[in-house]
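Just below is one structure, and these are the notes that go with it.
All heavy atoms count here, side chains included; hydrogens, waters and symmetry mates do not. Numbers restart at 1 for each chain; the letters A, B, ... are given by sequence-line order, proteins then strands.
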Amino acid sequence: MQLMDSSHSNPMSLCSQADSQRTLYPYVTGTSVIGVKYKDGILMAADMGGSYGSTLRYKSVERMKPIGKHSLLGASGEISDFQEILHYLDELILYDNMWDDGNSLGPKEVHSYLTRVMYNRRNKFNPLWNSLVLGGVKNGQKYLGTVSMIGVHFEDNHVATGFGNHLARPILRDEWHEDLSFEDGVKLLEKCMRVLLYRDRSAVNKLQIAKITEEGVTISQPYSLKTFWGFSAFQNPTVGAEGSW
Amino acid sequence: MQRKVALKITTTLCTKNGCLDAGTIERVQSLAFLIPQAFVANTQRSLHWFLRLRSSSIFQVCVMSKAVVDVPPKGGFSFDLCRRNEMLSKKGVQTPPFRKTGTTIVGLVFQDGVILGADTRATEGPIVCDKNCEKIHYMAPNIYCCGAGTAADTEAVTDMVSSQLQLHRYHTGRESRVVTALTLLKSHLFSYQGYVQAALVLGGVDCTGPHLHTIYPHGSTDTLPFATMGSGSLAAMAVFESKYHEGLTREEGINLVSEAICSGIFNDLGSGSNVDVCVITKGHKEYLRNHQLPNPRTYVSAKGYSFPKPIEVLLTKVTPLKEKVEVIEGGDAMEE
């Protein structure tokens with residue numbers, strides 16, 4: 001009885017409640033993630049910054065996580081939505097393990113699942129505000145794919161999210177080739193991350209590199225890149241024109 | 001009691017351009033505003049007389065007249081046509097798209113001087129309107145400027161400052177300095193508050209050494225060892241940030257510039273076609289137009305084209321038409 005009363009008396013508030021529960025804009029965001037295929041599997045790099053608008057609020061956010069036995073997920077965008085996605089994937093992997101049939105979900109399957117989730121949420125106008133990079137190896141097959149917040153998904157030899165699309169993809173298109181060794185792959189990723197560090201305002205100089213091979217996932221300890229600021233033009237930009245800037 | 005000039009009389013004056021219609025002044029409770037159209041001086045006087053007749057109070061009528069009257073031109077942007085543009089767009093008339101250069105332009109300082117580079121695509125919205133335009137503009141024998149943004153703005157601004165520099169050279173009897181061009185460009189762009197959408201990379205070598213500057217549409221400038229502008233600037237900057245170092249040789253510099261422009265051409269939709277390079281050193285410059293052509297026309301039929309056999313010509317007959325006008329040879333020359 002009471003319930004009926006409340007629902008009759010304020011139909012307007014019901015509508016407004018539904019409205020305020022959609023994602024309208026992101027709050028705590030992570031910047032770009034880059035992934036490349038190399039000889040033994042996939043290499044992925046992401047920095048550890050979580051920005052709250054224009055403040056660098058969190059500096060130890062792990063934006064790459066292993067999923068099951070065969071996949072590695074990196075995310076940029078809203079951190080809370082990333083944690084929600086990890087929760088969904090946890091459940092997915094749990095149910096898969098409960099089957100106990102000797103089979104396990106590979107990266108292609110997880111990618112497909114994520115695509116469906118992201119696209120469905122977008123159709124309800126309540127997106128998970130993330131751009132995801134999913135990489136993995138199963139039965140010798142390497143797989144690297146990406147899903148955006150509206151459900152755009154594709155698979156490629158090298159992917160990047162956010163600013164990485166504009167700054168890192170050109171370098172990767174030029175310099176990536178089949179069967180990169182581990183050292184070459186890391187050097188290539190570090191080159192891209194350095195450019196991002198110089199030119200992306202929400203980047204931090206604390207990054208992790210993750211690798212996934214047939215054996216399993218390894219996520220490195222956080223470390224920072226060396227930067228160079230010693231150009232002579234930076235030392236004295238107004239030489240020849242005293243008083244200008 | 002204040003009478004104000006009504007909208008009605010304003011539009012009448014505007015459309016007839018100088019002819020003063022006896023429109024009524026309505027009592028409108030709005031502020032006196034600028035009559036934003038120009039009209040001839042005697043119309044101005046008659047307007048004053050007309051309005052004074054109809055009202056007892058004195059009020060201001062501001063007018064802006066064109067070249068017929070000796071009024072010194074006010075600098076900066078004139079917002080004359082904004083109201084009319086708004087009215088037109090409300091009626092559904094779309095503004096024609098600007099011809100933008102949607103570009104990749106770069107510059108870098110190497111050991112002997114400055115190297116500038118640019119792509120050659122000019123776009124009008126989604127269409128490529130010029131496949132091989134020139135974006136590296138001449139400023140002085142020792143100074144060149146690449147331009148991105150609205151093509152008309154970059155051309156006009158660089159032309160204007162180039163002429164000013166030449167006059168300055170005649171006046172002083174010395175080679176132009178890069179900072180002179182920089183100051184002329186930045187003060188012009190600033191006075192137009194960003195409405196002149198020209199983003200420039202200015203480079204040159206003068207008596208004080210090699211200089212490279214970027215100039216943004218609002219008038220701010222940077223002095224840099226390497227610079228990129230335009231829609232492809234991020235792709236080109238990625239190449240520069242990873243590969244630039246001090247003390248490049250000429251070959252290394254040209255290769256790096258070409259690589260950066262190619263990165264812009266292949267990774268940005270607003271840039272394309274060919275690579276232009278300009279190398280400026282002390283006392284010498286080299287403008288390498290179409291230094292690289294990485295987008296050749298590939299799908300040309302190797303066998304050539306064969307056309308069906310034409311119809312045979314059986315008979316040829318020429319009939320001159322009767323001339324209506326008699327042409328007199330050696331008649332009077334056209335009068336000026």
Side-chain angles (χ1 to χ4, degrees), chain A residues 31-32 34 36 45 47 156-176 184-203 205 207 225-245, chain B residues 104 107-111 114 177-183 186-187 203-215 219-228 231-248 259-271:
Chain A
T31 181
S32 16
I34 324 176
V36 289
D47 67 20
D156 205 346
N157 292 322
H158 46 78
V159 292
T161 65
F163 245 92
N165 266 313
H166 297 107
L167 290 169
R169 287 307 292 275
I171 302 179
L172 292 171
R173 278 183 181 155
D174 257 348
E175 301 191 12
W176 183 89
D184 282 343
V186 171
K187 255 211 286 246
L188 186 58
L189 281 180
E190 281 189 351
K191 195 183 218 185
C192 297
M193 293 303 286
R194 189 172 287 113
V195 178
L196 284 167
L197 176 63
Y198 283 137
R199 294 284 162 177
D200 181 4
R201 88 165 185 176
S202 34
N205 197 1
L207 67 142
L225 295 167
K226 278 223 255 305
T227 54
F228 179 71
W229 299 91
F231 296 113
S232 58
F234 289 170
Q235 314 302 349
N236 200 357
T238 58
V239 69
E242 309 310 326
S244 80
W245 66 96
Chain B
T104 310
L108 61 73
V109 177
F110 72 114
Q111 66 188 22
V114 165
R177 297 196 191 188
V178 182
V179 285
T180 318
L182 180 73
T183 313
K186 79 154 64 161
S187 34
V205 181
D206 55 30
C207 58
T208 54
H211 295 282
L212 179 69
H213 304 279
T214 51
I215 309 164
S220 65
T221 59
D222 286 315
T223 311
L224 295 166
F226 55 91
T228 66
S231 58
S233 63
L234 282 91
M237 185 52 86
V239 171
F240 272 172
E241 283 284 14
S242 44
K243 297 191 177 156
Y244 180 82
H245 59 87
E246 305 238 87
L248 289 162
E259 237 187 280
I261 299 289
C262 283
S263 171
I265 287 174
F266 292 117
N267 292 301
D268 173 47
L269 296 175
S271 319

Checklist line | Top contributor to chain A interface from B:S242, B:S263, B:G264 [non-hydrogen pairs under 4.5 Å] | finding: B:S242

Next item on the list: Would you mind checking which part of A:R173 comes under 4.5 Å of any heavy atom in chain B, side chain (CB onward), backbone (N, CA, C, O), both or neither?
Entry: side chain

Item checked: Under 4.5 Å from a heavy atom of chain B, the part of A:E175 involved -> side chain

Check: A:F234 vs A:F231 aromatic rings, parallel, tilted or perpendicular, using cut-offs 30° and 60°?
Finding: perpendicular

Check: Does B:L234 have any side chain to side chain contact (heavy atoms under 4.5 Å, CB included) partners at least two apart in sequence or in another chain, and if so, which?
Finding: A:F163, A:H166, A:L167

Margin query: Between A:L172 and A:L188, is the side-chain contact (heavy atoms from CB on, under 4.5 Å) condition met? List the steps.
Written below: CA-CA 8 Å; A:L172 292 171; A:L188 186 58; 3.8 Å; yes

Notebook entry, point to check: Considering only heavy atoms, which portion of B:F226 lies under 4.5 Å from any heavy atom of chain A: side chain, backbone, both, or neither?
Noted result: side chain

Item checked: For A:D156, side-chain hydrogen bond (donor to acceptor under 3.5 Å, both in side chains) partners two or more places apart -> A:R169

